[in-house]
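Read through the structure below, which is laid out as C-alpha cells, and then see the notes.
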Amino acid sequence: MNWEAPLTAAPDKHRKRSQATPPLRIGIMRQAGLPFENWELQLVERLLADRRFRLVAFLTVSKQAGENHADMLTRLVAQLDGALFARQSDYGAKRFERARKTILNIPLDNAVEDWAVEDWAAEDGDRHRLQLDVILRHCDAKLPEPMLRNLPFGAWSLSHVFTQSGSASWDGIADMAAGAPTSQLSLFLETARHPGRRVIAQAEFNVKFSAARNAAFIKEKSVLLLMRELRRVADTRKLPKPLRAPDAVQALRPPGVFRTGRYAAALTKNIAQRALKTMRRAAHQETAVWTLFSGRGAIDDFDPSEAIEIPPTDTAIKADPFLFHHEGRTYLFYENYGLGDTKAHIAVGEITRSGFEPIGIALGGSEHLSFPFVFREGDEIFLMPETHQRKRIEIWRAVSFPLIWEPYSRALEGWSTADSTLFKHRGQWWLFTNLSEHHAFEDHCSALYAFQVDGPELKRIVPHRRNPIVVGSATARNAGRIFSRHRRLYRPAQYNAHGIYGYGLNIMEIEQLDLDDYRETCVRRILPDFKPGLTGCHHFDASGSRYILDARLNA
C-alpha cells in the first residue's frame, strides 16, 4: 500500500506557509535493547516522509517504571495469546534504513539534573544542538524534568505504551474480561507546567476475539491518530488542548490474576466459537442475514420501533438500502445476495402502497458490490457503489434508469475504499470515504477521510488537512448518505462494538467542516433492541417523508 499518496497533503493555499515554517523537531524515547515494533516503524517511516517533521534522536532508557509490571500469569497469557493470534510479517522501513545513521542515539540513564535538551555531548566529542519541540514516549519511564521544561509542545504518549511489560502487552485483557463493548485508545500530553498526563485525542475500537490481536490492531491504528495530531501542531504551532482534566485520566494498571483467569476462560470460549463459525462458513452454512425496516420520519426524529419490515428471502437478503424518489415513484437500491453466497450485487426495487416489488439487477460483476449510494446532480442520476475489491472509487451514470448504467468517473486508484458518499455543503462538493491504510490489518471501520472535490467528475480532489478526520470504529464508518435538515448537517455512522460488525447506528451532527478542521458529535445512537430477534443495525437512508434502515437477524 502506497500510503504516500496525497491523502494528507497540504492544500495549495497552505503550501507556502508550510515550507516557510521550520520542521517540527522530534525525539522518540524508547527502552534500550528492544526491537522496533511494526507500529513504531510505520510511525518513523511517516515522520521521515513528511517535510513538516525532522526525527532528530532516539532517547533510550535501560528499564521502564516498575509500577505497571504485570504478574507472571498475565505475562504468560499475554505472550501465548500474542504468539497465537497477533503474529504479523515484518514491516519494511526503507526510509528508516537509509536515514538511521543520521538519527542520534542518546542514553538517558546517566542524565544529570542540569541536563539541557538543547545541548548534548555525543560520544565522538562533537556537540549537537537538539532543540527538540516534542518527545514521543514509547516506554513507561520518567522523563528528566529539565528535558520536559525545554519542550515547547511537551511529551506525548499513546495509552498502549503503559500496558507493556517487557515484550508482553496486557492491553485489552481487562476490557475483555469485563465484557467492555469497545477498547479505548488515548493520546496523552505532559508539559512542565502540567506534568500529569492529560488526554488530547481519543478513539474507540471494536473488541476482537483475542486481547493480543486487539492490542496489535490498536497499535497499528494509533499511528493514524498520532500523525494527525502531530500534523495539526506542525501546521498551527499551537499546543493541543486537553479533552479532559488530569484527574479524569484513569490509571492504567495490569489486570491481575483474577481478571487474567477470567480472560483466559473467555478466550478459550471465543476460540471454540470462531473455529465452529469457520467450519460453517466453509460449508456455506454461515451467512449474515439482514432485513430492512421502513417507516415515516426523518434522520432527526424517526422511531425504528414503529417501522414495517421488508423481510429477506433465501435468494434475496437485503442490506445497505438507499431510497431514491424519481418521477413520482420511490425506488430502493440495496446490496443483494443469497444464502451461501460469497459476493453480492446491486439490486433495485420499488416501494409501493402494497409493499415492495423487486425490479432487477442494477449492477453486477465478478467482485462483491455493496453500499449503492444513488444521487442526482442536475438532470443526471449517478450511482457510487462500494468497490473496494477493485481498489478504487467508481461512479456510474444512468443510461436507462433504474437498470442500465455506464461508467462515468474513477478516483483513488490503488486504494482500498469503502462506503463512500458525496454531498454538497455551502456550495462545495465533499467526498467522505473509509480508507484502509494498513500493514497487517485491512479494516474499513477505523478511519474516515474527507476530500474537497469538483462533483461526480472527481477530476479535482483536495484532501482535508486533518485526514483522517475521524479515527475509531465506534464512529468512523459511514452508514448512509449525509443529510442537511433544518440547517444542520447529519452523518449516519456505524457503531461497531461488542465484537459485532454493524452492532448499532450513530447519528452524528457535523458541527464544523472546512479544509482546516472537522468536528462532529453523536446526537443519537440506535441499538438493535427496537424489534425482537435483532443483533445489529448499521445503515440508514431517507427520501421525502420515508426512511429505511437495515438490521441483522439472529442466526
Side-chain angles (χ1 to χ4, degrees), residues 37-39 68-88 140 158-187 199 202-222 225 249-278 440-443 445-446 471-477 494-504 525 527-528 535-536 538 552 555:
E37 295 186 49
N38 276 352
W39 74 271
N68 274 3
H69 283 184
D71 59 75
M72 185 177 296
L73 176 63
T74 300
R75 294 199 305 271
L76 180 62
V77 170
Q79 288 172 346
L80 181 61
D81 193 357
L84 291 174
F85 303 115
R87 289 180 297 177
Q88 51 187 276
D140 184 10
L158 292 157
S159 53
H160 58 70
V161 165
F162 303 100
T163 59
Q164 194 89 12
S165 291
S167 60
S169 172
W170 40 267
D171 195 20
I173 288 181
D175 284 348
M176 298 188 70
T182 58
S183 290
Q184 186 168 278
L185 168 70
S186 296
L187 177 59
V199 178
Q202 282 185 323
E204 288 182 81
F205 295 90
N206 199 2
V207 292
K208 309 296 181 188
F209 74 96
S210 148
R213 191 171 185 84
N214 200 58
F217 178 89
I218 289 177
K219 284 181 179 180
E220 179 169 293
K221 303 310 174 185
S222 71
L225 186 72
V249 178
Q250 294 182 352
L252 301 170
R253 294 287 183 264
V257 174
F258 176 71
R259 285 189 175 180
T260 299
R262 285 187 61 183
Y263 166 70
L267 177 61
T268 302
K269 180 180 177 181
N270 290 346
I271 293 171
Q273 291 176 340
R274 188 177 176 86
L276 179 60
K277 283 187 176 182
T278 300
F441 301 100
E442 183 175 19
D443 166 74
C445 298
S446 297
V471 177
S473 55
T475 56
R477 185 153 182 168
Q494 291 183 14
Y495 175 52
N496 294 296
H498 297 284
I500 298 173
Y501 165 73
Y503 175 74
R525 178 165 287 168
L527 300 179
T535 59
H538 85 331
R552 185 168 180 165

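Side chains included, hydrogens not; waters and symmetry mates left out as well; all remaining heavy atoms used.
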Hits for side chain to side chain donor-acceptor pair (under 3.5 Å) against Ser210, two or more places apart or cross-chain, chain-then-number order -> Asp81
OG1 (Thr475) and CZ (Arg525) are apart, to the nearest 0.5 Å, by 8.0 Å
Evaluate the criterion side-chain hydrogen bond (donor to acceptor under 3.5 Å, both in side chains) for residue pair Ser222 and His160; output intermediate values, then yes/no. CA-CA 9 Å; Ser222 71; His160 58 70; 3.1 Å; yes
For the pair Gln494 and Ser473, evaluate side chain to side chain contact (heavy atoms under 4.5 Å, CB included) and give the outcome as yes or no after the intermediate values. CA-CA 8 Å; Gln494 291 183 14; Ser473 55; over 6 Å; no
Item to check | Leu76 vs Leu80 side-chain heavy atoms within contact, under 4.5 Å | outcome: no
Rounding to 0.5 Å, atoms CZ (Phe441) and CD1 (Ile218) come to a distance of 10.5 Å
Donor-acceptor check, side chain of Thr260 to backbone of Val257, threshold 3.5 angstrom: yes or no?
no
Tightest non-hydrogen contact, residues His498 and Val207, listed as C-CG2, 4.0 Å
**Request:** Begin from the C-alpha positions of Gln88 and Asn38 and carry the test side-chain hydrogen bond (donor to acceptor under 3.5 Å, both in side chains) through to its verdict.
**Result:** CA-CA 9 Å; Gln88 51 187 276; Asn38 276 352; 2.8 Å; yes
Rounding to 0.5 Å, atoms CH2 (Trp170) and CG (Asp71) come to a distance of 10.5 Å
message = So does Thr163 get a backbone contact from the side chain of Asp171, meaning a donor-acceptor N/O pair under 3.5 Å?
response = no
When every non-hydrogen atom of Met176 is compared with those of Asn270, the smallest separation belongs to CE-ND2, 4.1 Å
**OP:** Determine yes or no for a side-chain-to-main-chain donor-acceptor pair under 3.5 angstrom, with Arg262 supplying the side chain and Ala177 the backbone.
**Re:** yes
On a heavy-atom basis, the closest approach of Ala203 and Gly472 is CB-CA, 4.0 Å
Closest non-hydrogen atoms of Ala78 and Ile173, given as atom of the first, atom of the second and distance, are CB-CD1, 4.4 Å
Full working for side chain to side chain contact (heavy atoms under 4.5 Å, CB included) between Tyr495 and Leu527 | CA-CA 9 Å; Tyr495 175 52; Leu527 300 179; 4.0 Å; yes
Distance col, row Leu267:CG vs Phe209:CZ, nearest 0.5 angstrom, shows 7.5 Å
Assess whether atom CZ of Arg259 is packed by more than 12 heavy atoms of other residues, nucleotides or ligands within 6.0 Å. no
Heavy atoms of Thr182 and Ala497 approach each other most closely as CG2-CB, 3.8 Å
Shortest non-hydrogen pair, Ala86 vs Ala212, comes out as CB-O, 3.6 Å
*asked:* Contact between Pro528 and Arg552 at the side-chain level, heavy atoms closer than 4.5 Å - yes or no?
replied: no
Quiz prompt | Non-hydrogen side-chain atoms of Thr74 and Pro255 separated by less than 4.5 Å | solution = yes
* To do: Report yes or no: is the cationic atom of Arg213 (NZ for Lys, CZ for Arg) under 6.0 Å from the centre of the six-membered ring of Phe85, at an angle within 45° of the ring normal?
  => no
- Indicate yes or no: at least one non-hydrogen side-chain atom of Leu158 is less than 4.5 angstrom from one of Trp39. yes
Close side-chain approach of Ser159 and Gln202, heavy atoms under 4.5 Å
no
Residues passing the salt bridge (Lys or Arg N to Asp or Glu O under 4.0 Å) test with Glu220, sequence neighbours excluded, are none
Next item on the list: For the pair Asn496 (side chain) and Asn206 (backbone), establish whether a donor and an acceptor sit closer than 3.5 Å, ignoring hydrogens and angles.
Entry: no
Could you check whether any side-chain heavy atom of Phe205 comes within less than 4.5 Å of a side-chain heavy atom of Gln184, counting everything from C-beta outward? no
Report yes or no: does Asn214 contribute a side-chain atom to a donor-acceptor pair with the main-chain N or O of Lys208 at less than 3.5 Å? yes
Lys221 to Phe217 six-membered ring, cation-pi geometry met (6.0 Å, 45°)
yes
Would you indicate whether the side-chain heavy atoms of Cys445 and Tyr501 approach each other to under 4.5 Å?
yes
